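Below: the structure, in structure tokens.
FYI, the numbering just counts along the sequence from 1. As the structure is a computational prediction, the values presented were derived from the model and not from experiment.
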Amino acid sequence: MKTLVQTDFGRDHLLIGCVHTLALPGTPLYDRSGGMRKIVKQAKEEAKILKEAGFHALLYTNESDMPYEANMPIEVVAAMTEVIAECQARTTLPHGVNMLIDPPASIAVAHATGGRFVRAFLTGGLVGDIGMMTPDGARALRLRAHLGAEHIRIICNVTPGFSINLDSRPVEQKASGAVFIGLADIVCVGGPAAGKEADIAVIESVARQVPDTPVAVGTGVAEENIARLAEVAELFIVGTSIKYDRQTLNPVEPRRAQALVRAYENRKAA
């Protein structure tokens with residue numbers, strides 16, 4: 001039987017390269033002098049680098065819009081929609097959306113731009129650098145159904161980033177609940193923050209708990225560990241490790257992006 005990744009994308013694994021947009025209009029770090037033109041130019045350049053490096057898909061994320069909002073303002077939603085539309089007009093790669101930290105906004109932008117997946121929290125309760133957050137998975141799933149957009153797959157985070165989960169159950173139980181109650185299509189395991197490696201034993205344990213659901217690795221995927229991770233997971237969301245100096249908000253470094261894809265492609269020969 002084919003896996004969801006094989007059915008949707010025709011691959012055994014999916015290498016997803018992050019396009020971390022510059023700060024969008026209305027956010028604290030927005031560059032008024034550069035405006036939307038600067039944001040679109042940067043995103044186009046990074047999407048092109050990732051495609052040429054051999055990534056299989058793109059994930060557009062408003063990473064520079066800190067502090068993040070659970071209810072995304074309309075100017076940010078409109079700006080991200082424009083950025084993605086401009087970029088996707090120039091590439092054939094499938095794409096996803098991660099509007100931090102508003103799952104319904106991610107669904108809406110993905111639907112408007114032809115996105116194939118979103119990354120989101122659907123369950124649990126979080127507290128930390130993002131403040132206090134109770135994900136509204138019900139609203140996200142109902143919006144997807146209302147739009148007739150069930151083809152947009154939801155990659156559900158089951159480990160917290162920059163925070164702790166107030167749900168103290170084992171992560172395997174949270175993954176099971178995200179699939180059964182949250183209706184997640186894919187579960188995502190990450191480390192404690194962007195660029196931090198996920199515990200491979202946790203990834204393996206989650207995969208055993210939800211054997212019929214694909215597992216994504218959400219942080220810390222790098223040239224040196226992609227071969228091992230490909231043995232236990234199907235999707236890989238890659239950002240920090242392919243940036244200059246491995247700093248999350250730096251530009252993508254073509255050499256690093258190419259090296260990661262090469263390491264993935266050469267894993268069977270190792």
Side-chain angles (χ1 to χ4, degrees), residues 1-19 43-44 46-61 84-85 87-98 106-107 109-120 144 147-157 175 178-179 183-190 198 203-204 206-208 210-219 221-223 225-239 241-242 252 254 257-270:
M1 179 182 294
K2 288 186 176 181
T3 67
L4 181 148
V5 175
Q6 291 169 331
T7 300
D8 282 15
F9 301 100
R11 299 179 179 276
D12 293 332
H13 299 100
L14 198 68
L15 290 179
I16 303 170
C18 289
V19 177
K44 283 181 178 178
E46 300 219 333
K48 182 173 183 288
I49 290 169
L50 292 167
K51 183 179 187 303
E52 291 178 348
F55 278 81
H56 307 147
L58 304 173
L59 177 64
Y60 295 92
T61 305
I84 295 174
C87 291
Q88 287 302 119
R90 294 170 172 257
T91 184
T92 57
L93 290 183
H95 76 278
V97 179
N98 184 15
S106 297
I107 294 285
V109 175
H111 179 65
T113 60
R116 303 278 296 279
F117 56 94
V118 300
R119 181 182 183 182
R144 186 175 72 165
L147 294 172
E150 287 83 358
H151 63 281
I152 298 175
R153 304 298 189 177
I154 299 180
I155 303 174
C156 176
N157 299 310
V179 173
L183 303 182
D185 300 296
I186 298 157
V187 295
C188 183
V189 178
I203 300 169
E204 291 175 319
V206 167
R208 287 193 298 269
V210 289
D212 298 322
T213 301
V215 175
V217 183
T219 64
V221 179
E223 173 188 355
N225 64 16
I226 183 64
R228 177 70 181 97
L229 291 173
E231 297 174 1
V232 297
E234 291 94 335
L235 301 94
F236 312 97
I237 299 172
V238 186
S241 74
I242 56 173
V252 172
Q258 294 160 10
L260 187 143
V261 174
R262 217 169 27 244
Y264 167 76
E265 293 175 342
N266 293 337
R267 70 194 187 285
K268 291 182 180 178

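- Q88 approaches L93 most closely through the heavy-atom pair NE2-O, 2.9 Å.
- For F9 and H56, the distance between ring centers is not under 6.0 angstrom.
- Here the shortest heavy-atom pairing between V187 and A175 reads CG1-O, 4.0 Å.
- Between L235 and I16 there is a side-chain heavy-atom pair separated by less than 4.5 Å.
- The shortest non-hydrogen separation linking I203 to A233 is CG2-CB, 4.3 Å.
- For the pair F55 and A257, the tightest heavy-atom approach, listed with the atom from each and the gap, is CE1-O, 3.8 Å.
- Atom-to-atom distance recorded for E223:CD and Q258:CD is 11.0 Å, nearest 0.5 angstrom.
- No side-chain heavy atom of N98 sits under 4.5 Å from any side-chain heavy atom of I155.
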Requested in this report: Report the C-alpha distance between S241 and L260 in whole Å, list the side-chain angles of each, state the deciding distance to 0.1 Å, and finish with yes or no for side-chain contact (heavy atoms from CB on, under 4.5 Å).
Outcome: CA-CA 9 Å; S241 74; L260 187 143; 3.8 Å; yes

Requested in this report: Take I226 and V238 through the test side-chain contact (heavy atoms from CB on, under 4.5 Å) and record every step on the way to the result.
Outcome: CA-CA 10 Å; I226 183 64; V238 186; 6.0 Å; no

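- Under the 30°/60° scheme for interplanar angles, the aromatic rings of Y264 and H13 are found to stand perpendicular.
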Please set out all donor-acceptor pairs under 3.5 angstrom arising from side-chain atoms of residues 47-54, sequence neighbours excluded.
unit_1: K48; atom_1: NZ; unit_2: E52; atom_2: OE2; d: 2.7

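- Between atom CD of residue E265 and atom CG of residue L15 there is a gap of 8.0 Å, rounded to the nearest 0.5 Å.
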Report task. Go through I152 and R116 one step at a time and tell me if the side-chain contact (heavy atoms from CB on, under 4.5 Å) criterion holds. Result -> CA-CA 5 Å; I152 298 175; R116 303 278 296 279; over 6 Å; no

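- For the pair R228 and E231, the salt-bridge criterion is met [side-chain N within less than 4.0 Å of a carboxylate O].
- Within the 4.5 Å cutoff, the side chain of C18 has heavy atoms near those of the I237 side chain.
- For the pair V215 and E234, the minimum side-chain heavy-atom distance is below 4.5 Å.
- By the 6.0 Å contact criterion, CZ on R90 is open, its count of non-hydrogen atoms from other residues, nucleotides or ligands being 12 or less.
- Side chain of D185 to main chain of I154: a donor-acceptor pair is present (N/O by atom type, distance under 3.5 Å, no hydrogens or angles).
- The heavy-atom pair separating T3 from Q6 by the smallest distance is N-OE1, 2.8 Å.
- Across I186 and T213, no two heavy atoms sit closer than the pair CA-CG2, 3.9 Å.
- For the salt bridge (charged side-chain N to carboxylate O under 4.0 Å, His left out) test, residues two or more places apart in sequence or in another chain that qualify with D8 are R153.
- Residues E46 and L58 form no side-chain contact, since every pair of their non-hydrogen atoms from C-beta on lies 4.5 Å or further apart.
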